[in-house]
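Take a look at the structure below.
Worth knowing before you read on, the calculation uses all heavy atoms, side chains too, and leaves out hydrogens, waters and symmetry mates.
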Amino acid sequence: MRQVIIIGSGPSGYTAAIYAARANLQPLLIASSVEAGGELMNTTDVENFPGFPEGIQGPELMTQMQQQAERFGTEVVYDDVTSLDLSGDVKTVTLGSGETHEALSVIFATGSAYRKLGVEGEEKLSGHGVSWCATCDGFFFREKVIAVVGGGDSAMEEATFLTRFASKVYVIHRKDSLRASKIMQERAFNDPKIEFIWNSEVTSINGESALAGVSLRDTVTGEASELALDGLFIAIGNDPRTHLIHGQLDLTSEGTIAVAGRSSKTSQTGVFAAGDVIDPSYRQAITAAGSGCVAALDAEHYLASLPAELAAAASETATASASA
C-alpha cells in the first residue's frame with residue numbers, strides 16, 4: 001500500500017510528484033502507456049514557462065520534470081488506469097496489465113484533451129503550423145496569415161488574441177451564425193484583421209513538413225475550395241479526462257472535477273485533483289504546475305491526519321517496493 005498514487009504525467013502530475021517525493025511520501029506516478037507527458041509532448045517551442053529565457057521544447061520540459069520527480073524518489077509506471085475504487089480509507093487503482101495498487105490518497109491529474117477535427121493532415125502537422133492554443137503559439141505567427149476554426153467564445157477569444165501577431169485572421173465556422181456571447185461576437189466583428197468564412201468546414205489540412213493551407217467544403221452548397229495559410233488554430237472545445245471517476249467524484253457544470261475553493265480537495269475524502277481536469281478557463285502549463293503543488297500539499301496534510309498505523313503500513317510497503 002502506498003501513501004499516494006498520482007494518475008497523470010503532465011505538468012500537474014509531475015509537480016505533485018516532486019512535492020510529494022520531497023515530503024518523503026514515496027509517490028507512485030501512473031503515466032499513460034501511449035500519451036505520457038501530456039499535451040506538451042505535442043508542443044515544439046515553449047517560451048512562456050518561467051525559468052527558460054530562451055524557451056524549451058515541450059518534450060524536453062516534460063523529460064526534465066520527470067527526471068526531477070524521479071531524483072527525489074518518485075516511481076513512474078508506464079501503464080493505463082482501467083478502473084478505480086476511491087471509497088474507503090484505502091483507494092484501489094487497477095492498471096491495464098491487471099496489476100492493482102492501493103494507496104491512502106490519490107491525486108487525479110489526467111488533464112484534458114483538445115477536441116480535434118479528425119481530418120487528414122491534422123496529426124502530421126500538429127506543432128508544425130497546427131495548434132490548439134493561441135496563448136502558447138501565437139507569438140510564432142507574427143505578420144502571418146492564420147485561421148481559427150470554431151464559433152464559440154473560445155474561438156472568438158483566440159481570434160482576437162491572434163490579431164496581436166498575425167497580419168490576417170480568418171474564422172472558419174460551419175454555420176452562418178456564432179454561438180459565442182454577444183460581447184465576444186462584437187469584439188471579433190469590429191476587428192479589421194478578422195474575416196469570417198461562413199458555412200464552411202475543414203476537410204483536410206495540407207502541407208508536407210509545415211502547414212500550407214486547408215481544403216474547405218461549403219456546408220450548404222457542397223462546393224470545395226482551398227485556403228492558403230501559415231497557421232491554423234483549432235478552437236472547438238476540450239474535454240476533461242474524467243471518464244475514470246464518473247459516479248465517484250462530483251463534477252462541475254463544465255464537466256471538470258469539482259474541488260473545494262482554491263484547494264484540490266474533491267468530494268471524496270483522500271482524493272485530490274489538479275491541472276486541466278479541474279480548470280475550464282486557463283489550461284496553461286504553469287497554472288497546472290501550481291495546481292499540482294497544491295494537490296501534493298493537500299495530500300500531505302491529509303496523510304498527516306490519519307492514524308499512525310495506517311501511514312506506517314503505507315510507508316513500509318513503498319519502501320519495500322523501492323528496494324525490490
Stacked cation flag Lys168 on Tyr170, 6.0 angstrom / 45 deg: yes
Any donor-acceptor N or O pair under 3.5 Å, side chains Ser215, Asn206: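 Yes - a donor-acceptor pair under 3.5 Å links their side chains.
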Side chains of Thr266 and Gln268: do they bring a donor and an acceptor to under 3.5 Å? no
Of all residues at least two apart in sequence or in a different chain, which pass the side-chain hydrogen bond (donor to acceptor under 3.5 Å, both in side chains) check with Thr110?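 Not a single residue meets the side-chain hydrogen bond (donor to acceptor under 3.5 Å, both in side chains) criterion with Thr110.
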Under the side-chain hydrogen bond (donor to acceptor under 3.5 Å, both in side chains) rule, collect the residues that match up with Ser131, sequence neighbours excluded.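 For Ser131 the side-chain hydrogen bond (donor to acceptor under 3.5 Å, both in side chains) partners, ignoring immediate neighbours, are Asp137.
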Could you tell me whether a side-chain N or O of [X] sits under 3.5 Å from a main-chain N or O of [Y], the two making a donor and an acceptor?
X      : Y      : value
Trp132 : Arg115 : yes
Ser105 : Gln3   : yes
Ser291 : Ala274 : no
Lys144 : Asp230 : no

With rounding to the nearest 0.5 angstrom, report the [atom1] to [atom2] distance, [X] to [Y].
X      : Y      : atom1 : atom2 : result
Glu158 : Asp153 : CD    : CG    : 11.5 Å
Ile107 : Ile5   : CD1   : CD1   : 11.0 Å
Lys265 : His301 : NZ    : NE2   : 9.0 Å

Would you please classify the geometry between the Phe52 ring and the Phe49 ring as parallel, tilted or perpendicular, with 30° and 60° separating the classes?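 Phe49 vs Phe52 ring planes: tilted.
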Could you tell me how the ring of Phe233 sits relative to the ring of Phe141: parallel (under 30°), tilted (30 to 60°) or perpendicular (over 60°)?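 Phe233 vs Phe141 ring planes: perpendicular.
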Does the ring centre of Phe140 sit less than 6.0 Å away from the ring centre of Phe165? no
